[in-house]
Every structure is written in structure tokens, then in C-alpha cells.
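Take a look at the structure below.
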2 protein chains.
Amino acid sequence: MKKVPLSTMERLPAYLRVIDSLVSHGVDFASSAQLASRAGVSSAQFRKDMSLLGASSGVRGAGYDLAALRVEFRQALGSAELVRFVIVGAGNLGQALAASSAFRRGGLDLAGIFDVAEGRVGQEIAGISVLHDDQLEEFISANEVSIAVIATPGSSAQQVADTVVRGGAKEILNFSPVVLQVPSTVEVRSIDLGVELQMLALHARNGA
Amino acid sequence: MKKVPLSTMERLPAYLRVIDSLVSHGVDFASSAQLASRAGVSSAQFRKDMSLLGASSGVRGAGYDLAALRVEFRQALGSAELVRFVIVGAGNLGQALAASSAFRRGGLDLAGIFDVAEGRVGQEIAGISVLHDDQLEEFISANEVSIAVIATPGSSAQQVADTVVRGGAKEILNFSPVVLQVPSTVEVRSIDLGVELQMLALHARNGA
DNA sequence: GCATGTGAAGTGGTTCACAGCA
DNA sequence: TGCTGTGAACCACTTCACATGC
């Protein structure tokens, strides 16, 4: 049961959006081919994912019951239990992240936003008061925050990482272009926006 | 020579940063183990990457000549030729992206920023005047822009994608939570910030 | 008959382990 | 001796192709 591949899990939110969209148009049954093409994957991929998930909403010769699928996806994503997270860095990126509706979905709870700049501390973003980094460690342990999103400049990223780890955070989503050094018990996911663009540039050059 | 795996290419920027940092501390020789641990990969991984790249700066029993490595990485990344790109959407995320120093590296050239909001058109961001989306298609074809970064709300993402494709863009970096439908000649890379967090939330639940 | 569900084959990338060389 | 360079084994995921069952 624990054997669902990570890559399958990463596709579930996209599947969920496709289903929501179809349901809101009054559709409540669809084939793997229809669902897959809207989600940008192959139909085999989609069926394999269903198989791996142990989903049982498919009907041979007919398609999938969307309402049932939706339920299965949601519980696979574990949306029951709320997971608290904080955003460190209230600059443009931090604000963009806080505003992102995506973060309101899926059992996530934005518990706090932190920054070091006097001008930003005390401001309200997404209905939450920005606190000073000084209070970060205590806030994390007091509120049992398990995830920290680092949206600071690279120069302070490692320091922030150390702080949140001391506070007890177990996962870090890192947007700075720095490879963070953390204990192996802490999971880090990094998104380096520069790297993403460079990969495209590479394609642009090769393709042209 | 074309056989360098994508995943190897994605690690080069991180390697480059590690090397730059070491060089600036006066180091000019290092072993695969030292370099790899700072870059957050295994030493075997690092050596394999060097092997696949055809790099020849390693000295058996000693380590790697950092200056020579740096040259090889840079040319592997093709930093000679400038690739032009535009950012569509001048909200928080668009501004964060425009400000990102990462985009100034690696032979990338931010040619324009676009938005639909009256209040934003005409503003200066990162030294560039924000233009209206109306001019997007023409701008792309006139300036031979090959990459478009979509930082708009999901509701307009597909429309923007259609526009940039008509203009002649060949690659799209998509930050909206929408699966874009584009001709197969166009390469799309998507970053859904919500999905990234959800994956961490998943770990948080399972780990705890 | 038609679309699902799934073993089997294929693909791409990582790790292992050791031969080769300064 | 120590560390690189690399074939070979391994692993995770994807695609194929077909048996299965509504």
C-alpha cells in the first residue's frame, strides 16, 4: 500500500483539476483517454496510475466514475489532516507564494510569514501579520510547524534553514539558489528558478 | 556528444556555484567527494557526470582542476549565445522573477515584461517598461523571443500560451496550475508551487 | 465491442565496484 | 597509495500489448 510511486502522487493534483473542471461542466463519466489528454499524459500512464493507486472507479468498456475518482484522489493525497507551514521572506516571491491559491488547497495551513526588514514586519499579507525572523524558531516549535518555505536571498538561506531545523521543521521548500546543508532527517525540495530557465535556454539553442 | 543526460545538465549550475565559492576562497583543486558533498550529490554521481560530459580536468589520485572545470561547465551550458525571453504577468511572482539575479546569468536576456492591468503597464521593473499584453504577439516575433515565462493567474494562462505560440515562441515556463495545450513543437516546463508543497505535506504526514 | 487493468518489455538515470593511472 | 573514470548491475518509472470483464 505504501508502494505508490512519487511520480504518480505528483500527477494527482493535475488529475484532480481536470476532474473538477469536467464535473463543473456536467460531465460525470470519462475514459482514460479523455482524462489523460487533458492532464497532458498518455492514457496508458493514467491507467497505470489508477492501477498503482488501487483505484477501483473504472468500469471496463465504459470509463471512470468521476465522483468516485475524486474521493479516492483526495484521500490518497491525505487531505484530511492539516499540515502547518510558514513562509520565510516577505519579498516579492514570498508574497506571491502567500497569495497563491494553490497553498490553500490540499490540507495546507499557512501559519506564519517572517522577514527581517523593519519595513515589512507588521505588514499584513494574505490576512497574516509578518513577524520578525527572531521569533521564527520559537514559533515553529510552539505551533508544531512541519514545513518551512524559504523565499529569502541566497545569502541568508542557510542561516534560515539552520533556524527552522532547530525549531523542529521536518521539511523545507527552498527557492534560493543554494544547496542547503541539513541533517538527513530533514527533507529538502529545491526550486531554482534560474536553473529552470537555463534548461529551456538549452533547448532553445539546440532546437533552433 | 549529444548524449549528455538532461539530469546531468540540471546539476551543472549547482556544481558551478560550488566551484565559484571554492575558488573565491583560494582553493583551486578538489576531489569528487568534496565537490559532491557541497553540491548535495554522491561522489559517484559527480564522477559519472564528469564522465558523461567528457570533462578531462580530473587527475587520478589527486582531484579536479577547478579553473578548467569551470570552463568546461560554462561551455556545456552554452553560455556564449544569448537567448531572449519575456515574462508575462507583472504581479508579485512576475516581479520576483524579473528581479531574480539568476535570470541574468547563463546567457539569458530578459527582453520584455507584459501585463493586462492598466496600473502596471508603463511601470518600470528591473529597468524594463511593462508593456500591454496586446503587444505581446508582435513583440515576440519582432524580437525573435524564444522563451515565454507565464506568471499570470491560471484563468488567462492558456490564452497567453496561445498568443506566445502564435508569435513564435518555442519554449514556455509555466507557473500557473494549468496544463497548457500547445503544439508538440513547443516545449513546456511547468512549476506548480502548490504541488511542490503538497508533496512535502505528504512526507510530513508519512514521516510523522 | 470497447476501454480497463496489468504483467512484461523498454527507457533513463543512479549506484556499485573495480580497473587504471598519477 | 588514493582518487579518477567507467562498464555493469540496479532501480524507478513509462510504454506496450493483450487478457479481462462489463
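Order of the sequence lines fixes the chain letters, A, B, ..., with proteins taken first and strands second; residue numbering starts at 1 for each chain.
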From [X] atom [atom1] to [Y] atom [atom2], the distance as rounded to the nearest 0.5 Å:
{"X": "A/Leu108", "Y": "A/Ile147", "atom1": "CG", "atom2": "CD1", "value": "6.0 Å"}
{"X": "B/Ile172", "Y": "B/Arg189", "atom1": "CD1", "atom2": "CZ", "value": "13.5 Å"}
{"X": "B/Thr8", "Y": "B/Phe46", "atom1": "OG1", "atom2": "CZ", "value": "11.0 Å"}
{"X": "A/Ser21", "Y": "A/Leu16", "atom1": "OG", "atom2": "CG", "value": "11.5 Å"}

inquiry  = Within the 4.0 Å limit for protein heavy atoms, which parts of nucleotides 7-17 of chain C are touched? Write it as a string from 5' to 3', B for base, S for sugar-phosphate only, - for none.
reply    = BB----SSB-B
Close residues, residues 18-27 of chain B, relative to DNA chain D [heavy-atom separation under 4.0 Å] = none
note = In numerical order, the residues of residues 59-66 of chain B whose heavy atoms come under 4.0 Å of DNA chain D are B/Val59, B/Arg60, B/Gly61, B/Ala62, B/Gly63, B/Tyr64
Salt-bridge contact A/Arg17-B/Asp192 (side-chain N to carboxylate O under 4.0 Å) =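 Result for this pair is yes, salt bridge flagged.
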query = Is it true that a side-chain atom of B/Arg70 and a backbone atom of B/Ile19 form a donor plus acceptor pair closer than 3.5 Å?
reply = no
ask   = Is a side-chain donor-acceptor pair under 3.5 Å present for B/Arg38 with A/Gln181?
value =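 Checked: A/Gln181/B/Arg38 side chains show no N/O donor-acceptor pair below 3.5 Å.
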request  = Would you tell me whether B/Ser57 and B/Glu72 have side-chain atoms, one donor and one acceptor, within less than 3.5 Å of each other?
outcome  = yes
Could you state the atom-to-atom distance from [atom1] of [X] to [atom2] of [N] in whole Å?
{"X": "A/Gln34", "N": "C/dT4", "atom1": "CD", "atom2": "P", "result": "9 Å"}
{"X": "B/Leu69", "N": "D/dG5", "atom1": "CG", "atom2": "C1'", "result": "14 Å"}
{"X": "A/Met50", "N": "C/dA3", "atom1": "CE", "atom2": "P", "result": "18 Å"}

request  = Report yes if some heavy atom in the side chain of B/Val86 is under 4.5 Å from a heavy atom in the side chain of B/Phe114; otherwise report no.
outcome  =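 Yes. Closest side-chain heavy atoms under 4.5 Å.
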key: Pairwise side-chain contact, A/Arg47 with A/Tyr64, heavy-atom cut-off 4.5 Å (strictly under)   = yes
ask   = Between D/dT4 and B/Ser32, is there an OP1 or OP2 to side-chain N/O distance shorter than 4.0 Å?
value = yes
